[in-house]
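One structure is given here, and the rest of the page talks about it.
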There are 2 protein chains.
Amino acid sequence: MRETADSIAEGLERRFAADGFAAPGVDALRAAAGVSLRTLYRHFPSREAMVLGALERRHRRYLETLVDRTAAGGGTEAVRAAFARLSRWMAEEAPTGCLFRNAMAAHPDSDAVRAQVRRHKEENRAAFARLLAAAFPALPTAARDPAAGALFLIQEGFTAAYPTLGPAQAEADARALLDPLLRRLEKEAAA
Amino acid sequence: MRETADSIAEGLERRFAADGFAAPGVDALRAAAGVSLRTLYRHFPSREAMVLGALERRHRRYLETLVDRTAAGGGTEAVRAAFARLSRWMAEEAPTGCLFRNAMAAHPDSDAVRAQVRRHKEENRAAFARLLAAAFPALPTAARDPAAGALFLIQEGFTAAYPTLGPAQAEADARALLDPLLRRLEKEAAA
DNA sequence: GCCAAGGTAAAACGATCGTTCTACCCTCCG
DNA sequence: CGGAGGGTAGAACGATCGTTTTACCTTGGC
């Protein structure tokens, strides 16, 4: 039951990530989930529920990737490692870009989708704040939230530029923002 | 002829910007264009052509807004003014976010859409490079392209965060990146 | 031994969508 | 005068889509 639901959600997430939210019909989603149409509808009673189910799974996996507790190091290294994981994530899991923005673009009139995307982005931004607090404990509290916002916006820009201008350009442009930011954070934390 | 085509494109752009690319059917586009179905198809022989027509118009208008030749001032003021115009643009014209990324999300399998989006983003990035060259003529050439990439990525992050976290948060986070960047550019240009 | 429970496969339905076609009107130019 | 070009309104078509339903199979527990 719960296991099959998550196994189905895995297939849904994979398909939506590969082909976007507009192209695949319910029958293609059924094939990706590896179950019958009846079972698919039992666990996700509408196509919108399938979208929400895929997004929920995605949300957990993305935050786990972004803040990896097994990763060592602090300071600038911790932040750089997070962006390195993000870079790998985009290449392996999100060739068509951020799944949440894509979902909102494909379902502009769904309140449920919009709410889930907003929740994801808020927790995503909060995760950067926690990452920053752990990496730079000496950073003045007044500088914390702006720095978290800066990291969040670099991520948004990076994931947005990724599918349009390609990995190399997106990474170069993100580095042009990230490098001086980290230098500044190191200086402020040392002071 | 050419005039009616542009008048139709204006209606298409407005509708796509307001409701996204997934929701409005051809008949809703026809109503927004204010013409009959036959005339609409005469100028844009398929729905995909309507999308491309709207994007082409959008491309011209966006770049005109971003680099306003009538705007005065140089240095940091020129860059700040460009982002102020961008902020107004989002509020008035793009409540659902960047039209090009939305189009690509809604038409993931259209080569024509993808090509047009890529072209737009490349010219968009080049426009930032020109803006920067005009605003900071003394900036070392080695620092030019990274700075243009940084501005471009701030824009991408800002327009991406805008529809999910709202105008206030998006602007605050963008400022957290823009302010130190401009301070650094001023220093590098003065040296 | 059997009967729910939950699975598969696939037909069927109603709605919607992109596109084409029909029928008619206006207006400019030879 | 007359006819061609471009406009409007809207019916019609074929395809696709999301969803429901039918019919049948498998399995574990009383």
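Per chain, numbering begins at 1; letters A, B, ... match sequence-line order.
- Between A:Ser46 and the phosphate of D:dG18, there is no side-chain N or O to OP1/OP2 separation shorter than 4.0 Å.
- A distance of 6.5 Å separates CG in A:Leu63 from NE2 in A:His120, rounded to the nearest 0.5 Å.
- Computed from coordinates, the A:Leu40 CG to C:dT8 C1' distance equals 13 Å when rounded to whole Å.
- OP1 or OP2 of D:dG18 lies within a sub-4.0 Å distance of a side-chain N or O belonging to A:Arg47.
- In this entry the distance linking CG of A:Leu29 with P of D:dT19 reads 11 Å, nearest Å.
- In this structure, the OH atom of A:Tyr41 is 17 Å from the P atom of D:dT22, given to the nearest Å.
- Each of B:Arg42 and A:Met50 was assigned the nucleotide of DNA chain D with the nearest heavy atom; the assignment lying further toward the 5' end belongs to B:Arg42.
- With rounding to whole Å, A:Phe44 atom CZ is found 16 Å from D:dG18 atom P.
- In this structure, A:Val35 and B:Pro24 both approach DNA chain C, and ranking their closest nucleotides by distance from the 5' end singles out A:Val35.
- Between A:Leu132 and A:Arg144, the shortest heavy-atom contact is CD2-O, 3.9 Å.
- Distance, B:Arg30 CZ to C:dT20 P: 17 Å, rounded to whole Å.
- Following rounding to the nearest Å, A:His43 (NE2) and C:dG6 (C1') show an atom-to-atom distance of 8 Å.
- Among all heavy-atom pairs drawn from A:Glu123 and A:Arg130, the shortest one is O-NH2, 4.4 Å.
- Atom CD1 of A:Ile8 and atom P of C:dG6 are 13 Å apart (whole Å).
- Judged by distance alone, with hydrogens and angles left aside, the side-chain atoms of A:Asp109 form no donor-acceptor pair with the main-chain N or O of B:Ala23 at under 3.5 Å.
- Whole-Å rounding puts the A:Phe21 CZ to D:dC17 P distance at 17 Å.
- Ring planes of A:Phe16 and A:Phe21: parallel class, angle under 30° (limits at 30 and 60°).
- Nearest nucleotide to the B:Leu37 side chain, out of C:dT8, C:dT20, D:dG18: C:dT20.
- A close approach under 4.0 Å does not occur between any side-chain nitrogen or oxygen of A:Ser36 and OP1 or OP2 of C:dA10.
- For B:Arg38, counting side-chain heavy atoms from C-beta on, the closest listed nucleotide (C:dA10, D:dG7, C:dT19) is D:dG7.
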